Amino acid sequence: MNLHNFPSEIRPFLLPKPQGNLVYQCLECGTEYPIEEFLYTCPKCQNIFMLPDKEFERLKEIDGKIWRQIFNYRKMLNIPALKGIFLFHEFIAPIIPLEDIVYLGEGHTSIVKANQYLQELVGCRFYFKNDGQNPSASFKDRGMACALSYVNYLIHTKGLKEVLAICASTGDTSASAALYASYLRGKVKSAVLLPQGKVTAQQMAQPLGHGAYVFEIPGVFDDCMKVVETLADNYHVVLLNSKNPWRIKGQQSYSYEIAQWFDYDLKNKVIIVPIGNAGNITAIINGFLNFYKVGIIETLPKIIGVQSIHANPVYRYYLEPDPKKRVWQPVKVKPSCAQAAMIGNPVSMPRVISSVEEYNKLAGKKQVFVVEVTEQAIMDWMLIANRNGHFACTQGGESLAGLVQALKEGIVNSEEEVILDSTAHMLKFISFQQMYFEDKFPPEYEVSPREELKNTPQLVRPSDITYFPDEKILGPEEFKEFITKTARTIADWLNLKKK
Ligand SMILES: *Cc1c(COP(=O)(O)O)cnc(C)c1O
Ligand SMILES: [Zn+2]
């Protein structure tokens with residue numbers, strides 16, 4: 001739709017201009033630093049940053065009702081920079097001019113209601129928000145679109161040459177980083193560090209395919225992270241891990257989209273999200289906080305983080321009800337099917353602690369919860385979801401297992417409506433389904449396949465057939481015999497009635 005066709009009171013706001021004043025703000029000592037440099041930890045105290053907009057108050061000058069209209073009308077524009085997460089430009093990274101925004105089709109992923117059977121089985125109304133429909137097939141693209149748009153902007157304003165972007169990854173961050181960097185070919189190169197043997201073949205194929213330098217480290221994600229941090233501290237590189245607060249900014253779009261999808265009415269809504277490095281839950285909390293503060297939403301929805309018992313430091317931390325007595329303690333992870341969340345020392349934990357506190361305070365009650373689920377539940381619920389029209393990855397299965405657990409604990413009641421984050425596409429983690437179906441899970445995963453959830457292909461090779469096409473070129477009679485008997489065998493198997 002053309003600009004002049006929009007209502008005149010909305011028109012001036014449709015194409016956002018660079019605005020706001022973002023600063024790196026240390027979570028520990030509060031010191032602020034300008035964003036003109038790549039900076040990831042406070043030079044004074046080594047803590048991580050948030051990226052607040054010092055002029056956030058200006059956004060309150062526009063009524064919440066007008067903001068809703070701005071976003072709804074903006075959605076009709078066919079301007080690539082505003083088609084993805086930057087539809088919510090003012091609430092993401094408003095200093096970036098539209099011409100520097102990198103848009104590869106991320107964001108605005110579908111929200112699909114569970115069918116009747118699944119809702120009854122689980123015991124409440126729920127949806128999957130399919131973040132596996134992002135370009136590199138995980139939600140990481142939301143953050144990467146923002147981080148790389150910012151890098152692109154700095155390259156242009158500062159005349160930088162050949163930036164090297166680097167990250168450690170449980171698989172999806174590197175896939176996304178490599179994709180976005182490859183789009184900025186000539187300006188940005190990417191290098192990724194992966195824990196050897198702990199990413200799926202599909203996740204490994206992605207950075208390789210996008211031309212990144214790929215390094216395998218004999219260790220787990222937490223070890224890769226330490227190496228990357230050392231590189232970022234000592235060399236000129238751009239760090240693309242979620243330590244980078246620009247990624248958190250981009251991932252806030254997840255909350256904005258949920259708000260818009262439900263017409264900004266989030267009463268009785270619950271969001272469930274798996275926690276690994278805790279960047280995503282931080283972003284989701286802060287996204288809802290921003291919309292709430294400006295009056296775009298009137299309710300802060302309940303947020304539930306989920307962790308596997310094999311990688312549960314955040315769950316353990318919140319087990320202690322008294323905030324003053326809580327002690328942060330990283331854990332040593334065990335093998336997990338929710339491999340992308342298999343993190344024992346989440347980088348964003350300080351962000352989680354401060355964001356959860358603010359969220360609960362503004363909500364006037366405890367509104368953020370963390371539950372723990374077994375590896376068995378993650379696998380079983382993923383398979384059940386996918387047998388009912390979804391395409392959840394193991395972490396999406398973790399979200400659903402988390403819902404079942406939350407219902408059991410009374411954290412969610414049947415009046416509420418739940419949105420589950422399906423963080424990646426099922427095909428990325430298909431090796432776990434395969435191990436389940438073939439009964440090949442190593443014992444340390446603690447998963448035993450349930451017979452009724454297994455599925456394997458049947459070889460159709462009836463013994464009364466003389467020749468098969470893989471043995472020789474069949475004559476007309478032989479071919480007819482092969483087709484008829486094969487068809488009959490399948491029909492018998494399926495118990496088909498003859499016409
Ligand atoms: C990264 C990732 C997670 C964990 O998100 P965090 O922000 O690290 O907590 C969960 N699922 C998938 C598919 C991921 O790629
Ligand atoms: Zn500091």
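Remember, it's 1-based here, ligands and their atoms both numbered in the order they're listed. Nothing here was measured: the structure is a model prediction, and the numbers come from that model.
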Looking at Y33, I want to see if its OH is surrounded by more than 12 non-hydrogen atoms of other residues, nucleotides or ligands under 6.0 Å. yes

Would E452 and R387 pass as an ion pair if we require N to O under 4.0 Å? no

Could you check whether S149 and D100, counting side-chain N and O atoms only, form a donor-acceptor pair closer than 3.5 Å? no

I'd like to know if E106 and K140 make a salt bridge, using a cut-off of under 4.0 Å between side-chain N and carboxylate O. no

Check each atom of ligand 1 against the heavy atoms of N280 and keep those under 4.0 Å away; list them by number with element. 6 (P), 7 (O)

Counting heavy atoms under 4.0 Å, the part of A278 that contacts ligand 1 is backbone

When distances are taken from atom 12 (C) of ligand 1, the protein heavy atom at minimum range is T423 OG1, 3.3 Å

Among all protein heavy atoms in this structure, tell me which lies nearest to atom 5 (O) of ligand 1, with the distance rounded to 0.1 Å. F139 CZ, 3.4 Å

Answer yes or no: is there an ion pair linking E229 with K243, defined by an N-O contact shorter than 4.0 Å? yes

Region of K140 engaging ligand 1 - heavy atom pairs below 4.0 Å: side chain

The atoms of ligand 1 lying under 4.0 Å from a heavy atom of I275, numbered in the order shown, are 9 (O)

Go through ligand 1 atom by atom and flag the ones less than 4.0 Å from a non-hydrogen atom of D172. 12 (C), 13 (C), 14 (C), 15 (O)

When distances are taken from atom 8 (O) of ligand 1, the protein heavy atom at minimum range is N277 N, 2.7 Å

Looking at L148, N152, V151, which one forms a side chain to side chain contact (heavy atoms under 4.5 Å, CB included) with K187? N152

